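Keep in mind that this is a model prediction, so the values were computed, not measured. In what follows, chains carry the letters A, B, and so on, assigned in the order in which the sequence lines appear, proteins first and then strands, with residues in each chain numbered from 1.
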2 protein chains.
Amino acid sequence: MALRRSAEAGETRSSILDVSERLVQTRGFNGFSYADVAAELGITKAALHYHFPGKSELGNALIVRYADRFNDALVGIDAQGGTAPAKLRAYADLYQGVLRDERMCLCGMLAAEYQTLPVPMRQSVVRFFDDNHTWLARLLKAGRSEGTLHFSGTAHEAAQMIVGALEGAMLVARSYGDADRFEVVATRLVDELAASRPVTRRRA
Amino acid sequence: MALRRSAEAGETRSSILDVSERLVQTRGFNGFSYADVAAELGITKAALHYHFPGKSELGNALIVRYADRFNDALVGIDAQGGTAPAKLRAYADLYQGVLRDERMCLCGMLAAEYQTLPVPMRQSVVRFFDDNHTWLARLLKAGRSEGTLHFSGTAHEAAQMIVGALEGAMLVARSYGDADRFEVVATRLVDELAASRPVTRRRA
DNA sequence: GTCTATAACGAGATAGAC
DNA sequence: GTCTATCTCGTTATAGAC
């Protein structure tokens, strides 16, 4: 499809990852093929197999790169300072950016297909969620300490809820082709946590 | 695989739906085949095509049956009375029951694969979510009126958040093979809404 | 209603030339 | 690094016998 300029320094490799990533995020790991990627890049399937021996290796490389990029974004949020609620909003905006591209979170998509994934990919997906939970729990603890975030139960539980709520909101919003649906939920979620209110209840 | 007794009154048809439903909920619509279903039922693929001409028809029948069953459950919750928070908890328990079976919500799974689905299936998926939002919004409004549920914004927005949060919690919990993760989130969600607290904030 | 048989296609993957 | 050519298998689907 697209014209082919001569490949330089891992350019093909990253192009393959770019196209595959978009296809997985929109169609799922079981919903795209080497042929799709090859056609779009104007190369052959055999060339793909040179860079990634099998779909399993390609899939795992996708998750690792995605998780790295996501972690970089989290570091960036921490680096630029701001209040805990602002950081939480920035976190939600990461998801929103994905959805505005008409994509599902890569790992949210793979979570749906989890039982059909090669084992290495499964581990990478779980690691992605673990990293998110850890980062969020730290943010939530800090926010609670400084009195800017309020929630019941442990920070880790709240973190799990946030990740789940954002992933689920993306999942459903995509069926409506309506990113605004996500925005409403994300705003509610952040505002609920940032709202000043008494937290006077039991834990689960 | 399973032994075959002679088919009576639509029994084969419903067996096909049962097996297919489980396969879609665990592996996805693009992750199962007629061969899988046929093997498990001990019949041939050709027999499947007699009952459901194509995968599209089978898929749509799955959603319709699932949505009907879900709606029956909602009617059941309404029928047995109880407080709005109790009904909300019962709603969350519907999801939990699915997850304890190591399944994803059928329509949550299909939402992930949305862009690869035949158009009739897409419409049925959206209808499922619409029905859920409608039912929940009605419950939320009633709860707010009687002072047992508290939330900011419109009931419909809150309903969208609840559906998304439950779907997302299922999605992630399944990757951990840990239904308890869902339980924690569901309990938090219900408790947050049932908690008596001032609602003194702006809408999104 | 269910079977056998087979068509038609696409998937993931490999060998070996350039 | 990329190609052509090919292989093997799985998938959806149909024709026609029983």
Figure out the CG/C1' separation between B:Leu58 and D:dT11, and round it to whole Å.
14 Å

Could you check if a side-chain atom of A:Tyr66 sits within less than 4.5 angstrom of a side-chain atom of A:Gln25, using non-hydrogen atoms only?
yes

Separation of C:dG1 C1' from B:Arg13 CZ (nearest whole Å)
14 Å

Figure out the OH/P separation between B:Tyr34 and C:dA7, and round it to whole Å.
21 Å

Sole residue of B:His51, B:Glu21, B:Glu40 in side-chain contact (heavy atoms from CB on, under 4.5 Å) with B:Ile16:
B:His51

Where the side chain of B:Ala46 is defined as all heavy atoms beyond and including C-beta, which of C:dA13, C:dA5, D:dT4 is the nearest nucleotide?
C:dA5

Using the rule side-chain contact (heavy atoms from CB on, under 4.5 Å), only one of B:Val125, B:Asp131, B:Val126 pairs with B:Phe129; which is it?
B:Val125

Here the gap from A:Thr116 atom OG1 to B:Phe32 atom CZ, rounded to the nearest 0.5 Å, amounts to 13.0 Å

Can a side chain N or O of B:Thr44 be found less than 4.0 Å away from OP1 or OP2 on C:dC3?
yes

Without decimals, in angstroms, what is the distance between B:Ile43 CD1 and C:dT4 P?
12 Å

Measure from the side chain of A:Thr12, starting at C-beta and using heavy atoms only, and say which of C:dC3, D:dT11, D:dT2 lies closest.
D:dT2

Contact under 4.0 Å: A:Ser33 side-chain N or O vs C:dG10 OP1/OP2
no

Which parts of residues 47-56 of chain A get close to DNA chain C, meaning a heavy atom less than 4.0 angstrom away?
A:His49, A:Gly54, A:Lys55

Atom-pair distance (CZ on A:Phe29; P on C:dG12), nearest Å
8 Å

Rounded interatomic separation in angstrom, taking NZ from B:Lys45 and C1' from C:dA8:
12 Å

Any luck finding a side-chain donor-acceptor pair between A:Arg174 and A:Thr26 under 3.5 Å?
no

Under 3.5 Å, side-chain donor or acceptor atoms of residues 161-170 of chain B against the rest of the protein: list the pairs with distances, not counting sequence neighbours.
none

